[in-house]
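Chain naming here is simple, since letters A, B, ... match the order of the sequence lines and numbering starts at 1 in each. We use all heavy atoms of the structure for the numbers below, so side chains are in, but hydrogens, waters and symmetry mates are not.
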Amino acid sequence: MHRWAKVSTAVLAACVVAASDASAQSANINVTATVFQAIAVTGARALDFGNVFPGVNKTIGTSAATSGRFDATGQAGANLNMTFTLPTDLAFGVNNLPIGSWTGCADADNDPTSGCSVFTPSASASGAAFSAGGALFIFIGGTVSPAANQPAGTYTATATLTLAYF
Amino acid sequence: MHRATIPALFCLTTASPAAAQVSLAGVRDLAFGFLSLGVTTTVLPTDPIRSGQWTITAPVGQRVQIRLTLPNQLLGPSGASLPVSFRNGDAFIQGTWTGAVTNTFNPSATVNFNFTGGSQAIIRLGGQLTPAANQRTGSYTNTAVCTITVF
């Protein structure tokens with residue numbers, strides 16, 4: 001092979017390699033996740049309105065001894081959302097006792113009388129955070145509105161709390 | 001020496017312009033967020049916040065080949081690892097021009113794309129993670145690479 005041909009071949013080969021390299025490019029992104037302790041939540045105390053009377057509203061506040069309470073544990077310091085599925089009535093057979101409003105507060109300790117962050121329980125998310133020890137206590141209260149002709153009986157319903165990290 | 005410059009000039013004038021006008025950028029991490037132990041978390045490629053995203057710009061009419069190089073695990077604290085999976089349909093590419101069609105593909109395979117109606121396209125990536133019940137808590141990360149080849 002002539003020297004010219006060898007040089008041309010070498011240059012052409014280099015050219016092909018260069019062209020191939022120049023036509024490819026890469027870019028990175030990160031794939032990330034943060035693993036937290038599993039959330040555990042239990043219904044620790046029923047919301048109990050006690051005895052109510054026809055035509056007389058009755059309210060149980062979050063700091064009352066008979067307020068409802070959920071106890072939760074999870075990742076220390078982590079933020080979470082609270083969402084509730086709440087009844088609009090308590091039921092006794094075919095009879096309903098309306099619940100007019102709900103109140104709530106969340107606290108790092110089992111004491112709703114101090115440092116309890118107030119929120120309104122609803123299907124919309126409310127924010128909270130686990131304590132440095134990974135605990136959270138959620139208290140709920142409400143108001144029932146018996147009609148003047150409300151039948152006597154024991155009325156019940158279920159309130160459900162769902163917690164999720166965000 | 002003079003003769004040798006002819007093929008070199010040929011190379012520069014045919015291969016470089018197309019490549020030079022094509023660019024690729026990683027613009028958003030694939031972020032699974034906060035996971036609970038033992039609970040599977042899926043991020044769809046259509047997720048506007050958590051899906052990973054790259055952007056490609058190229059001249060109208062340009063054709064490119066796309067290849068994703070994906071991790072099979074994320075790396076965490078004290079050497080812990082967290083398996084990650086990518087299934088068929090966990091990625092798509094779509095031009096940003098009006099009327100562009102979404103092309104969903106298997107992120108494990110290469111895919112070709114034509115810039116038929118505009119000069120920008122996005123690639124989105126989703127995936128799935130399942131921390132074990134005894135998974136070490138903490139932050140996990142790895143890298144996903146997108147490589148494009150200009151035809």
Just so I understand: if I count every heavy-atom pair under 4.5 Å between each of [options] and chain A, which residue has the most?
options: B:A31, B:A144, B:S139; answer: B:A144
options: B:V39, B:V84, B:T141, B:L75; answer: B:T141
options: B:A25, B:P131, B:G52, B:G33; answer: B:G33

Q | Test side-chain contact (heavy atoms from CB on, under 4.5 Å) applied to B:F32 and B:L82, step by step | A | CA-CA 12 Å; B:F32 286 91; B:L82 175 58; over 6 Å; no
Answer with side chain, backbone, both or neither: which region of [X] has an atom nearer than 4.5 Å to a non-hydrogen atom of chain A?
X: B:Q65; result: neither
X: B:L24; result: both
X: B:R136; result: backbone
X: B:R67; result: neither
X: B:L74; result: side chain

Heavy atoms, side chains only, cut-off 4.5 Å: are [X] and [Y] in contact?
X: B:I56; Y: B:F113; value: no
X: A:F137; Y: A:C105; value: no
X: A:V118; Y: A:F139; value: no

Going by distance alone, is a donor N or O of one side chain under 3.5 Å from an acceptor N or O of the other, for [X] and [Y]?
X: B:S23; Y: B:T57; result: yes
X: B:T42; Y: B:Q128; result: yes
X: A:R45; Y: A:S67; result: yes

Taking a cut-off of under 4.5 angstrom between non-hydrogen atoms, the residues of residues 145-154 of chain A near chain B are none
Residue pairs passing the side chain to side chain donor-acceptor pair (under 3.5 Å) test with at least one member in residues 74-84 of chain A, sequence neighbours excluded, are none
With sequence neighbours left out, the residues meeting ring pair (Phe, Tyr, Trp, His ring centres under 6.0 Å) with B:F105 are none
Residues at least two apart in sequence or cross-chain that pass ring pair (Phe, Tyr, Trp, His ring centres under 6.0 Å) with B:F34, listed by chain then number, are A:F36
